[in-house]
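Presented below is the structure to which this report refers.
For clarity, every value in this text was computed on a predicted model and none was experimentally measured.
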Amino acid sequence: MRPDDLNNGLVAAEAFTDDERAAVYRAIATRRDVRDQFLSDPIPDDVLRRLLDAAHAAPSVGFMQPWNFILIRDETVRQSAWEAFSRANEEAEAMFPEEKRSTYRSLKLEGIRKAPLSICVTSDPDRAGPVVLGRTHNSRMDSYSTVCAVQNLWLAARAEGIGVGWVSIFRDEDVRAILGIPERIEIVAWLCLGYVDQLYGEPELAIKGWRQRLHLEELVFKDGWGQK
């Protein structure tokens, strides 16, 4: 679009209907981090395309669109990822106090092997060149933009009846070696995706006593840090 066409790019900001608005809030409220409830049914190509389109529609600083999506279905690759996760998970368990470790072990983190699809989401800091509009004073804005893409995909997946689990317990170098990711590319998320017919009514970590949701009132300040 040429600069002199910008005014012609505006369209009407139509309000959502009550049902449309309710659907958006329902997807937000019932989104869960799925660890073990995946069904084996494959995700059809047209549905996967809708999820990726939703992710690609995310906002990005300077419109740099730094994300890439590595689709992983190969069982050998997923097994290698699970083995890398298992090594890191043993290290992670040892970092928690003894009284927390039994609860930690009770969390079934089987998404890598059970979900029919994994997606590794990466961020390319060089996508828009060395100087990016909006990133001039915060070099992390490309990473934050990529996280917006992850959330878009997650909410779209919820609307499609697809569960998503974010696996973060990895050594970065292990995932790079498994997928051949260059050093300059940031690994943002390993996501497990698959259809689900059951979800926890509340976040699993809350139900199992790991942590409870904080009260919103404790987190809202007015006109300055800590001011109620």
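Proximity of N138 to Y144: side-chain heavy atoms (C-beta onward) are separated by under 4.5 Å at one or more points. Side-chain contact between T146 and V121: present, with at least one pair of heavy atoms (C-beta onward) separated by less than 4.5 Å. Considering only heavy atoms from C-beta on, C192 comes within 4.5 Å of V167 through its side chain. Inter-residue side-chain proximity for I119 and L153 is flagged as met; some heavy-atom pair is nearer than 4.5 Å. Inter-residue side-chain proximity for V196 and L39 is flagged as unmet; no heavy-atom pair is nearer than 4.5 Å. Side chains of F16 and V24 form a contact here, defined as non-hydrogen atoms less than 4.5 Å apart. With a 4.5 Å cut-off on side-chain heavy atoms, R32 and R158 do not count as touching. In this structure, K100 and W210 have side chains that are in contact, with non-hydrogen atoms separated by less than 4.5 Å.
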_Working note: R135 + M64, criterion side-chain contact (heavy atoms from CB on, under 4.5 Å); need CA distance, chi angles, decisive distance, verdict._
CA-CA 10 Å; R135 197 183 64 176; M64 67 182 300; 3.7 Å; yes
*Please test W82 against F170 for ring-ring contact (aromatic ring centres under 6.0 Å, His included), starting from the C-alpha separation and ending with a verdict.*
CA-CA 9 Å; W82 182 83; F170 281 115; over 10 Å; no
*Dump the intermediate steps for side-chain contact (heavy atoms from CB on, under 4.5 Å) on V77 and L179, then the final yes or no.*
CA-CA 8 Å; V77 176; L179 299 179; 3.9 Å; yes
*Could you walk me through whether I72 and L117 pass side-chain contact (heavy atoms from CB on, under 4.5 Å), step by step?*
CA-CA 6 Å; I72 305 148; L117 173 67; 5.6 Å; no
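Using a 4.0 Å cut-off between charged nitrogen and carboxylate oxygen, E91 and R87 do not count as a salt-bridge pair. Using a 4.0 Å cut-off between charged nitrogen and carboxylate oxygen, R171 and D174 do not count as a salt-bridge pair. Using a 4.0 Å cut-off between a side-chain N of Lys or Arg and a carboxylate O of Asp or Glu, D142 and R127 do not qualify as a salt bridge.
Looking at Q79 and E83, their side chains do bring a donor and an acceptor atom within 3.5 Å of each other. S168 and W190 form no side-chain donor-acceptor contact under 3.5 Å, judged by distance and modelled atom types alone. E186 and S143 share a donor-acceptor pair across their side chains, judged by distance under 3.5 Å alone.
With a 6.0 Å radius and a threshold of 12 heavy atoms from other residues, nucleotides or ligands, E75 has its CD atom at or below the threshold. Atom CD of Q198 sits in a sparse spot, with 12 or fewer heavy atoms from other residues, nucleotides or ligands closer than 6.0 Å. No more than 12 heavy atoms of other residues, nucleotides or ligands lie within 6.0 Å of NZ in K222, so this atom counts as exposed by the packing criterion. For D45, the CG atom counts as loosely surrounded, since its 6.0 Å shell holds 12 or fewer non-hydrogen atoms of other residues, nucleotides or ligands. The local environment of CG in L133 is sparse, with at most 12 non-hydrogen atoms from other residues, nucleotides or ligands closer than 6.0 Å.
Minimum heavy-atom separation, A189 to V150: CB-CG2, 4.2 Å. The minimum heavy-atom distance between N152 and A57, with the atom names listed, is ND2-C, 3.8 Å. Nearest heavy atom pair, residue R211 against residue L214, reads NH2-CD2, 4.1 Å. Closest of all the heavy-atom pairs between L48 and I43 is N-CG2, 3.9 Å. Contact detail for R78 and S118: the closest heavy-atom pair is CD-OG, 4.2 Å. The shortest non-hydrogen separation linking L193 to A115 is O-CB, 3.4 Å.
With rounding to the nearest 0.5 Å, the separation of CD in E202 from OG1 in T30 is 11.0 Å. Taken from CD in Q212 to CD1 in I207, the straight-line distance is 9.5 Å, to the nearest 0.5 Å. Distance CG/L191 to CD1/I112: 11.0 Å, rounded to 0.5 Å. To the nearest 0.5 Å, the span separating CG on D41 from OH on Y195 amounts to 8.0 Å.
Under the 4.5 Å side-chain heavy-atom criterion for ILVMFWY residues, no single connected hydrophobic cluster contains both V34 and L155. Residues W154 and L71 share a single hydrophobic cluster, defined by chaining ILVMFWY side chains whose heavy atoms lie under 4.5 Å apart. Linking ILVMFWY residues whenever their side-chain heavy atoms come closer than 4.5 Å, directly or via other members, places F85 and V175 in the same cluster. By the rule that hydrophobic residues join a cluster once side-chain heavy atoms approach within less than 4.5 Å of another member, I70 and L52 end up as members of separate clusters.
A donor-acceptor pair is defined here as one N or O able to donate and one able to accept, closer than 3.5 Å; no such pair exists between the side chain of R35 and the backbone of W166. Under the 3.5 Å distance criterion, the side-chain polar atoms of R101 are matched with a main-chain donor or acceptor of A94. Under a 3.5 Å cut-off, the side chain of Q37 and the backbone N or O of L199 do not form any donor-acceptor pair. Although no hydrogens or angles enter the test, the distance criterion places a donor-acceptor pair under 3.5 Å between the side chain of S60 and the main chain of Q65. Looking at T136, its side chain never comes within 3.5 Å of a backbone N or O of V132 through a donor-acceptor pair. For the pair R176 (side chain) and I185 (backbone), a donor-acceptor distance under 3.5 Å is present. With E93 contributing its side chain and E90 its backbone, the two residues share no donor-acceptor pair below 3.5 Å. Between the K114 side chain and the G194 main chain, no donor and acceptor come within less than 3.5 Å of each other.
In this structure, Y104 and F96 have tilted ring planes: the angle between them lies in the 30° to 60° band. W225 and F221 have perpendicular rings, their planes meeting at more than 60° on a 0 to 90° scale where under 30° would count as parallel.
Taking D46 as the reference, R50 meet the salt bridge (Lys or Arg N to Asp or Glu O under 4.0 Å) condition, with sequence neighbours excluded. Taking D18 as the reference, R21 meet the salt bridge (Lys or Arg N to Asp or Glu O under 4.0 Å) condition, with sequence neighbours excluded.
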